[in-house]
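Before any comments, here is the structure.
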Amino acid sequence: PLAAPRGVIYDRYGVPLALNAAAWLVTITPAGLPDDQATALNVLNRLSALIEVPPTRAAADAAGLKDVRSLQEMVVEGAGIAPYRAVIVKANIPQPIAQQILEDKSQLPGIDVQWGAVREYPNGMVTAQIIGYLGPIGQKEANSLRDQGYNPSFERTGYAGIEAALNVQLSGTRGSLVQKVDVAGRPVQGGLLKEDPAIAGENVRLTIDLALQEAAQNALIDQINRIN
């Protein structure tokens, strides 16, 4: 599976209202974790302390995080799909944390950090009601994507505003990669059979003027403050 870059949303003068920003992603390769369960759990506990994701389901429940998936759950799911494929377990971590993970890699087997993209809204609440936001995909699509090798925990779809109304145009088309793998699921050298590149989502230019939008909002806030 090859993810497609989401289209950028601009105002009428080309000022970005929603874009894709580079970010650090933390990954776990299930097959890279120690075979000994106690040692593997110790690795997950060390990582959990750095990225604030519960290591196990029991730890998540004890912390009252009923809707948060644990590291162990994500690893088990990834191992069942492709054990040698890295599973994203946390996105957009701070630079110091990424650096610490890289420095401690000898004590964190199977753990890595890599560059990826996250959705960014540089104008915050000024355009939030117009642009909308991205949220988790539905369960039906999640099951379909999981079968294709995607990590549904980090797949997003448009909710509200332009992100939702033009979700199809912004999403683009996912690509695919067909290749031979060995019995453990590792790619075989020279085993590429077919590759369909992802098609990036369309960029969208709106008719709104960001500067005018900001001026209108500030005028409204000033008036409310005067009345109160």
Side-chain angles (χ1 to χ4, degrees), residues 1-5 22-63 65 67-118 136-137 142-156 174-195 198:
L2 301 172
W24 286 107
L25 310 177
V26 180
T27 68
I28 300 178
T29 301
L33 290 171
D35 293 330
D36 179 70
Q37 291 189 0
T39 306
L41 181 57
N42 183 54
V43 171
L44 296 183
N45 283 327
R46 289 175 64 91
L47 180 62
S48 173
L50 291 172
I51 64 174
E52 299 182 346
V53 176
T56 64
R57 181 70 261 156
D61 291 341
L65 304 173
D67 298 325
V68 176
R69 302 181 71 217
S70 69
L71 295 175
Q72 192 174 57
E73 288 174 305
M74 289 187 274
V75 166
V76 169
E77 180 179 272
I81 298 172
Y84 285 88
R85 180 184 297 153
V87 177
I88 299 173
V89 295
K90 185 66 179 286
N92 203 22
I93 63 168
Q95 168 73 25
I97 298 299
Q99 189 63 40
Q100 186 171 349
I101 292 174
L102 290 173
E103 292 175 354
D104 295 344
K105 282 193 68 174
S106 62
Q107 302 176 52
L108 296 170
I111 313 300
D112 202 358
V113 293
Q114 62 187 44
W115 277 109
V118 295
I137 60 177
N143 292 335
S144 173
L145 290 176
R146 189 177 291 110
D147 292 340
Q148 298 174 45
Y150 284 93
N151 185 348
S153 299
F154 292 91
E155 288 287 323
R156 294 291 182 264
R174 296 183 180 93
S176 64
L177 190 68
V178 181
Q179 59 186 16
K180 293 180 181 179
V181 296
D182 63 18
V183 68
R186 291 172 293 195
V188 175
Q189 186 174 5
L192 179 61
L193 300 177
K194 181 183 179 182
E195 180 176 2

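Positions are given from 1 along the sequence. Every value quoted in this text rests on a predicted model; they were computed, and no experiment measured them.
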Between [atom1] on residue [X] and [atom2] on residue [Y], distance to nearest 0.5 Å:
X	Y	atom1	atom2	result
Arg46	Asp104	CZ	CG	6.0 Å
Ile88	Leu25	CD1	CG	5.0 Å
Lys194	Gln179	NZ	CD	14.0 Å
Asn45	Gln72	CG	CD	9.5 Å
Ile101	Lys90	CD1	NZ	9.5 Å
Leu71	Leu47	CG	CG	5.5 Å

Heavy-atom distance under 4.5 Å between the side chains of [X] and [Y], does that happen here?
X	Y	result
Met74	Ile28	no
Thr29	Asp112	no
Val26	Ile111	yes
Leu102	Val113	yes

Flag yes if more than 12 heavy atoms outside [X] fall under 6.0 Å of its [atom1] atom; otherwise flag no.
X	atom1	result
Gln37	CD	no
Glu103	CD	yes
Asp36	CG	yes
Gln189	CD	no

Which atom names give the shortest non-hydrogen contact between [X] and [Y], and what distance separates them?
X	Y	value
Leu33	Pro109	CD2-O, 3.4 Å
Gly78	Pro30	C-CG, 4.0 Å
Ala198	Ala4	CB-CA, 3.8 Å

Next on the checklist: Set out, in order, the CA-CA distance, both residues' side-chain angles and the distance that settles side chain to side chain contact (heavy atoms under 4.5 Å, CB included) for Ile51 and Val89, then state yes or no.
Outcome noted: CA-CA 9 Å; Ile51 64 174; Val89 295; 4.1 Å; yes

